[in-house]
Amino acid sequence: MSDVLRVERTGSGARVTLARPEVRNAFNAELIAAVREAFERLSVESSETLRAVVLTGDGKAFCAGADIEWQRAARSLSMEENVADAGRLQEMLAAIDECPVPVMAAVHGVALGGGMALCCVADITLGTADAIFGFTEVKLGLIPAVISPFVLARIGEGAARALFLSGEPFGSERALRIGLVSEVLPDEPSLHARVEAIVAEVLSAGPEAARNAKSMIREQRGLSRGDSLERTVQWAARQRVSPEGQEGLGAFLEKRKATWRDD
């Protein structure tokens, strides 16, 4: 918990809320550090009770990218200081990407610049119909370098070429078409209701299976097709013989609820 970020635990879930509504939840050094620390803590907790995380923003926007005052201060940084500054943003994004449990982003208002990276490192991203998205860095003479590995993994090179080079803002329909978001909802109440419904679905899954499925997807980045095929066979077999896999199959065959379900 800090002045710029709220972390709330409810049962098996957690909600992480960017809390700088006066600047549309734009990033500064304090918020970047707070988000990284929050997800590092949640990653430790996931081995015990945590099973899902929702990421959202206070006020009228999800995240408008970099804070103007923070950008102004960055103009006076040396090359070495800029490298360290960019590294801290990368560490924050990696902490979210590597969170062992499913992370859902609920996007409203705008998601620009670094806010787009949050959309890409979340496992499931949903947006409102009137949300505006954009990789706007080139409009400032900058490039979306730090966020690019996460973005390319999400939307692919073709969409990245079109959007990185123009910096053009775009709406939720295009975001859905390129895979940036998985669903578009009419308004904020519908958005948050749908997020809660997905959380309920996640909680009905085997907790170890959900964590391992996420890990499997992430670990296949950069693998050759042959290595990927070999690894997936091992992952499938390991999960099937695990206590959770045996319990899940047994519950299905015996027509009863698995032990991890409390609905």
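Just the heavy atoms: all of them, side chains too, but no hydrogens, waters or symmetry mates, feed the values below.
- Note that the CG atom of L180 and the CZ atom of R174 stand 11.0 Å from one another [nearest 0.5 Å].
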Residues 11-23 side chain polar contacts: donor-acceptor under 3.5 Å, at least two apart:
residue	atom	partner	partner atom	Å
R15	NH2	E196	OE2	3.0
R20	NH1	A26	O	2.7

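- By the side-chain hydrogen bond (donor to acceptor under 3.5 Å, both in side chains) test, E173 pairs with no residue at all, sequence neighbours left out.
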Identify each donor-acceptor pair in which a side-chain atom of residues 105-128 lies under 3.5 Å from a protein atom, sequence neighbours left out, and give them as a table.
residue	atom	partner	partner atom	Å
H108	NE2	G59	O	2.8
H108	NE2	A61	N	3.4
D123	OD2	V103	N	2.7
D123	OD2	K214	NZ	2.8
T125	OG1	C119	O	2.7
T125	OG1	R154	NH2	3.2
T128	OG1	D130	OD1	2.9

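- Taking every heavy atom of both residues into account, K139 and G167 meet most closely at CE-O, 3.5 Å.
- Applying the side-chain contact (heavy atoms from CB on, under 4.5 Å) criterion to E247, with sequence neighbours excluded, gives A251, R256, A258, T259, W260.
- Applying the ring-ring contact (aromatic ring centres under 6.0 Å, His included) test to residues at least two apart or on different chains, none of the pairs has a partner in residues 176-208.
- Listed by first and then second residue, the salt bridge (Lys or Arg N to Asp or Glu O under 4.0 Å) pairs involving residues 86-108 are D85-R88, D97-R221 (not counting sequence neighbours).
- Under the 3.5 Å distance criterion, the side-chain polar atoms of R194 are left unmatched by any main-chain donor or acceptor of V184.
- F164 is listed as a side-chain neighbour of V151, based on a closest heavy-atom distance under 4.5 Å.
- If you check the side chains of N212 and S215, you find no donor sitting under 3.5 Å from an acceptor.
- Here the CD1 atom belonging to I32 is positioned 8.5 Å from the CG atom belonging to L93, to the nearest 0.5 angstrom.
- The side-chain contact (heavy atoms from CB on, under 4.5 Å) test applied to S242 returns E208, Q239, E244, not counting sequence neighbours.
- Residues meeting the side-chain contact (heavy atoms from CB on, under 4.5 Å) test with S78, sequence neighbours left out: E80, E81.
- In this view, R9 and E45, T49 satisfy the side-chain hydrogen bond (donor to acceptor under 3.5 Å, both in side chains) rule, not counting sequence neighbours.
- The heavy-atom pair separating V7 from A38 by the smallest distance is CG2-CB, 3.8 Å.
- Within the structure, side chain to side chain donor-acceptor pair (under 3.5 Å) pairs that include any residue of residues 23-39 comprise R36-E40 (at least two apart or interchain).
- Among residues two or more places apart in sequence or in another chain, the side-chain contact (heavy atoms from CB on, under 4.5 Å) test is passed with E137 by F135, L142, P144, I147.
- At most 12 non-hydrogen atoms from other residues, nucleotides or ligands lie less than 6.0 angstrom from CD1 of I68.
- Other members of the cluster containing V83 are M79, with ILVMFWY side chains joined at under 4.5 Å, either directly or via other members.
- Residue L31 holds its CG atom at 7.5 Å from OG of S2, rounded to the nearest 0.5 Å.
- I178 and L176 end up in the same hydrophobic cluster when Ile, Leu, Val, Met, Phe, Trp and Tyr side chains are linked at under 4.5 Å.
- C99 contributes atom SG, which lies 10.5 Å from atom CZ of R211 (distance to the nearest 0.5 angstrom).
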Steps toward side chain to side chain contact (heavy atoms under 4.5 Å, CB included) verdict (V181, F133): CA-CA 10 Å; V181 301; F133 303 85; 3.9 Å; yes
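- Taking hydrophobic clusters as Ile, Leu, Val, Met, Phe, Trp and Tyr residues chained together by side-chain heavy-atom distances below 4.5 Å, L191 does not share a cluster with F62.
- The two residues A95 and F39 have their closest heavy-atom pair at O-CB, 3.9 Å.
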